[in-house]
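One structure is given here, and the rest of the page talks about it.
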Amino acid sequence: MTYLASTRRAAFSAIFGASFFAALPATAQDFPQRPIRVIVPCPAGGATDIMARILTKAVGARLGKPLIIENKPGAGTMTGLNELVSARPDGYTIGMVTSTMVLQPLYGSSRHEYPTALQPIAQVTVTPPVLVTGADTQWKTARELVDFAKANPKSIKYGITGFGNSSHIGPTQLARAAGIEIEAVSFDGGGVLLTALLGGHIAVSAGSTVDYKPHIEAGKLRPLLNFGPARSEDPLYKDVPTAKELGYDAEIVSWTGVAAPKGLPADVIAKLNEAFKAAMADREVADALSKLGSEPVYLDAEGFGARWASETVKLRQVVTETGILEIVKSQRQ
Amino acid sequence: MTSLDGLLQGFQLAATPTNLVAAGIGVLLGTFAGMLPGLGISGTIALLIPISFGLDPLTALVIFGGIYYGAAFGGSTTAILLNVPGEGASVVTCVEGYAMARRGRAGAALSVAAIGSFFAGILGLAGLVLFAPTIAGWALAFGPQEYFCVAVLALVVLSGISGQSMIQSSLMVVIGIMLASIGIDPMTGVERFTMSTDILADGISFIIVVMGVYGMAEVLQTAADGDCAVAPPRIAFRDLYPTREELSRSIPAIGRGSIIGLLIGLVPGPSGTISTFLSYAVEKRFSRGRKQFGSGAIEGVAGPEAANNGADTSTLIPLLSLGLPFNAGAALLLSGFLIHGITPGPDLVNTRPDLFWGLVASLFIGNVMLLVINLPFVGFFASVLRIPLGILMPLVAVIVLSGTYFMNNNLSDLWLVIAFGLFGWLLKGTGYSVAPLIIGLFLGPLIERGFIQSMVLADGSLITLMARPFSGVMLGAAALFIVVRGSVEIRRRFGSKSLGVGSQTL
Amino acid sequence: MNDAYRSQPSAPTMQILVALTLLAGCSLYLYAAMGFSFGVWSSPKAGFIPRIAGCLGVTLAACNVARVWWTAKPGPVDLGLSPRRAFAFLGVLVAYVALLGKLGFLPVTFAATLALLLVSRGRRGLVMTLTIAGAFSVGIWLLFGSILNLPLP
C-alpha cells in the first residue's frame, strides 16, 4: 500500500510537473527525476501488457523512479504507437512495441514510419509463429498438408488475425514456396480464431506459441511447422521442423520490445538502455516472462534497431513478392 | 460424481478467511467499477494486476472472479438511477429501469436486478459444475456461418422492439451499421470513413455511443426541460423493496432471462449484451406486464439483468474447460491465470484441480456476497435520486465525460460522447427511437465479419450456407419475421389510418 | 445557430430538418463507400457491406423524408421547454473537453461543474452552488487520481 501511495504522489507530480520540468535540460546524473510513462499499445490484461508490467517493475527498481503504464489500445497498436512517436523526447515517455510496427508502414496505412520515427531501447521477447491443425485432421506432418493442398487446390482454408500480419505472411510464404493454393479467412482476434480451429471450421492457422501451448499439451492441436529461423527450445515444439528445414523459403518471427520517441539526449538513452539490460539479465524477470510462454531474448538498442532496419527491407520484399501488399491494397479502389 | 467431490474440495480451498475477504473485496471493487461509467472490468483488473503478482494464485483469481461478477451487476445501478449505462449490457436496463426510477420504484428495480443476477449466476455455475465438458463441445460446433446467422436473426427480431414505424427503425439500424464500419477494419486493416482523422481512426466504440445517446442525451433533455423536469416522487423506506406483485411478475422473467443468457453465453462474442436485448424483446412480447413496457415494467429489468449474468456465467464454461475466452471480460479473467504462468486449457481441471475448483467455488461465494452486500445498499443508492435534477445532471455530465476518458485514456473519445449526446437528443426529440441504432451498431461488425468469413469458407455459395441445418433455420426464421412484420405494417397502414405513428421512445 | 433556436421552430420544420440531415449523412456515407472495393461473393472486400448499407440507408432515408413530408402529423417533437439551455450545456461541455488537456484536471473540472450548475440553477443559492462544485470536483479528482490511481489528463 505504501508503494502505491508513493506511486500515486509521484504520478501527480509527473502530470502536473511535466510542463515545468520539461524545459530544464536533462542530464544523465539527474535522470530520472520523476516517474516515467510507459505507453502500452494493447489493452490491459493481455500478454503484452503483463510483459510490460513485469518489466517496468524491475526497471523502476533500478532507476529509482517508478514506471507508470498507460494502456492506449486501438487500431492494431497504431493508436499507442502514434502517441509514442509524438511524445516529447525527454526519456519520460517510452513505450512497448511489437513486430507490427515494422509491418504497418509497409502497407501505407500508418501515420508514421515507425522504424525511423522511434528510438530502440531493448528487445524483450521473441515468438515464432507455428502452423497448427486440429488433432483429428488427417494431416500428420507439414508435407502431408502440402501434398493434400496440391491435390485439392483452394480447399484448405487457414485462419488469420488480419490481412498482412505475421499470421498471414507465414502461410502465404509457404504457399508460394510450395506452389499450393490455400485461402485465408480473417478473424478479429486470436480467441475467435482458436475456437474455429478447435471446432474444425478452418483447417490450419499460424499463430503464437503462447496461445497454442495449452491446447497442444492437451492433445487438441497438432503443431506442423515452425516459421522461426531455428527450432524452438521448448520441449513441446522441439520436434517441430522449421519451414527452412523442409526446403520452403518461409520465415517470420514476432517480437516485443521497448522504444522511445526519436531525439532523446544520448546520456538518457544510455541510462535507459542500461536499466533495461540489467532488468533483462535478472533471473526473476526472465522466469516471469518465460512463464507467459514466450522466449525472453534480449537485444540491446543497437541490435534491436538493426532488426527494425533489416526486417523492414526483408519484409518489404516478402509482402511484395507474395502479393500480400497487393491483397491489402486491393481493399481500396 | 467426481465433479461434486471437486467442488467440495474447492469450497474448502475458497472458504479460507483470506479468500473470503478477497472475494468480498473483488465483489465490492467490481460493483464500484461497473457503476462508474467507463471504468469497467478491464480498468479495474488492470489496476489490480501489479498487486496480484504478490498474491497466491487462487486468491488473485478469487478477486478477479469477484470483479467479473461485480462489474456485470454494478452497471445496472447507474443505468437505473441515472440512465447512464456503464457497459453495453446495461443499455436495456436503462430503458425500463430508468422509467421505474422516475416513477419512484428505483429501489424495486435495483433489488430485482440483484436478485435476477444472483439467480442466473447460481444456475449458470450449476451448469458449469455438472455439464461443462458436454456444453463446451456444443460451443465448438458453432462455426462462423452459425454466428453470422444468429446475428442476422437477432438483428431482424431486435430491430422491431422499439415500436416506431418500420422505415424509421430500419433506417436507424442501417445508420448503426454504418457507424460501426467507421475506423480501421480489423479484418482487412483498411481505414474506412475516417476522413484521415485520429478521432475516427480507432472506430466509434459501442460504449461511447451508448454513453452519448443515453447518458449525455438524458442530461441535455433534462437541461432543456429545466425546472419543469418531473422530479421522482419521494420514497418512503418500505417502498424501497419490491412489492409482492412486482416479485411475482419478476420471477418468470428472471427464469426466461437466465435461460436466454445461459444459451447465448456459449456463442463467442459479446454475448452479455446480445442476451439482454433478446431477453428484453421476449419480455416485451410475452410477459404479463407487456402493456407497461416503456413506462417502467419490472420484467424489463429482471429479465435482461438475469440474462446478462447468465451469459457471463456460461461464458466461463468454454473459458475454463477449453481455455477459450469468448468475450472481453473472460479474456481479462484469463489474465489472472496468465500472471501466474498458468494458461487455462482443456487440461486445467486435471493439471490444476485446486485452481479450477477453487475458482468455481469462489464464484458461488462471490454470487452470494454480491446479493448480501448489495441488497442493503439499495436504499442508499436510491437516495441519490433525492438530489434535485438541477444539481444532479451537471454532476452526471462531468462523471460521464471523465469516465469516458479513463476507458482509453483518450481525450478524443470525449468529443464523440458529446457529439452523440447531441445526436441522440435531437433524434429522440423528433420521435426516433435510438434502440435500433444501438442494435445495428452492435451487430453490424458481427454480421460483416461473419458474412465475409462464411463466404470465403463456402466458396461464395449462399446455398452451402443455407444447407447447414442450424444456419438454414436461423436465416429462414429471419426471412419469415420480415415478411410477417411487413404485412402487419401494411395492413396497419391501409387498414386504419387513424393509428398514426407510434411515438413510444426507447 | 443560436438565433435559429431562440424561438422554437415549428414541429414539422424540425422533423424535416432532422430527416434531411439523416439523408445527407447516408448519401455522404454511400459516396465514401464507393471508394472501397466490393470484391466478389467468394471473397467480399472492405467495401462490400458498406456499399450495401449505404444503398439501403439512402433509400430508407429518402423514404423517411417522404414520410415526414406527406404525413400531416409526423409525431411529437419534444426538445424540452428551453432547448437553449441544452445548447448552453453543450457549450460548457465542449469548452471543458477543449481545456482539459491544457490546464489540468482539477481546475477545469471545477470550472465546468460550476458553469453547468449555474446554467441549470441560475444565480440562486450561489454559495451552495460553489460548495457543490468544489466538493464534487475535488471528490472525483481524489477518487480517480488517488484512490484508483488512474492517469489524469
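In what follows, every chain begins at residue 1, and chains take the letters A, B, ... in the order their sequences are listed. From a predicted model like this one, the values you see are computed outputs, not experimental measurements. Both backbone and side-chain heavy atoms feed into the values below; hydrogens, waters and symmetry mates do not.
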Main-chain N/O of C:A133 paired with C:T113 side-chain donor or acceptor, under 3.5 Å: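 Such a contact is absent between C:T113 side chain and C:A133 backbone.
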Whether C:R51 side chain and C:L30 backbone form a donor-acceptor pair below 3.5 Å: no
Let me know if [X] has heavy atoms under 4.5 Å from chain C in its side chain, its backbone, both or neither.
{"X": "B:L220", "result": "both"}
{"X": "B:L395", "result": "both"}
{"X": "B:L457", "result": "neither"}

Sort out for me which of [options] touches chain B most, counting heavy-atom pairs under 4.5 Å.
{"options": "C:A112, C:A46, C:G25, C:G57", "answer": "C:A46"}
{"options": "C:G47, C:S137, C:A32, C:S43", "answer": "C:A32"}
{"options": "C:T109, C:T21, C:L22, C:T129", "answer": "C:L22"}
{"options": "C:G39, C:C26, C:G54", "answer": "C:C26"}

Of the listed residues ([options]), which shares the most heavy-atom pairs with chain C below a 4.5 Å separation?
{"options": "B:I418, B:V456, B:L427, B:I399", "result": "B:I418"}
{"options": "B:L401, B:I177, B:I182", "result": "B:L401"}
{"options": "B:G444, B:P394, B:G460", "result": "B:P394"}
{"options": "B:M455, B:M178, B:R192", "result": "B:M178"}

Counterpart residues, ring-ring contact (aromatic ring centres under 6.0 Å, His included), relative to B:F193 (two or more places apart): C:Y29, C:F36
Any residue meeting ring-ring contact (aromatic ring centres under 6.0 Å, His included) with C:F89, in chain and number order, not counting sequence neighbours: none
Ring centroid separation B:W425 to C:F87 under 6.0 Å: yes
Pairwise distance CZ(C:F105) to CG(C:L100) - rounded to 0.5 angstrom: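 Reported to 0.5 Å precision, the distance equals 6.5 Å.
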Distance, nearest 0.5 Å, that separates CG of C:L17 from CD of C:Q15: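 So the gap between those two atoms works out to 10.0 Å.
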Go through the atoms of [X] and report whether side chain, backbone, both or neither lie under 4.5 Å from a heavy atom of chain B.
{"X": "C:I52", "answer": "neither"}
{"X": "C:L117", "answer": "both"}
{"X": "C:A115", "answer": "neither"}
{"X": "C:V94", "answer": "both"}

Ring pair (Phe, Tyr, Trp, His ring centres under 6.0 Å) contacts in which one or both residues fall within residues 108-128 of chain C, not counting sequence neighbours: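 Of all non-adjacent pairs touching residues 108-128 of chain C, none passes ring pair (Phe, Tyr, Trp, His ring centres under 6.0 Å).
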Less than 4.5 Å apart, side chain to side chain, heavy atoms only: is that true for [X] and [Y]?
{"X": "C:L116", "Y": "B:V398", "result": "yes"}
{"X": "B:M166", "Y": "B:L171", "result": "no"}
{"X": "B:V209", "Y": "B:V417", "result": "no"}
{"X": "B:V400", "Y": "B:V219", "result": "no"}

Polar side chain donor-acceptor pair, B:Y432 to B:S169, under 3.5 angstrom: no
Members of residues 446-454 of chain B whose heavy atoms come closer than 4.5 Å to chain C: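 The list, in residue order, reads B:E448, B:F451, B:I452.
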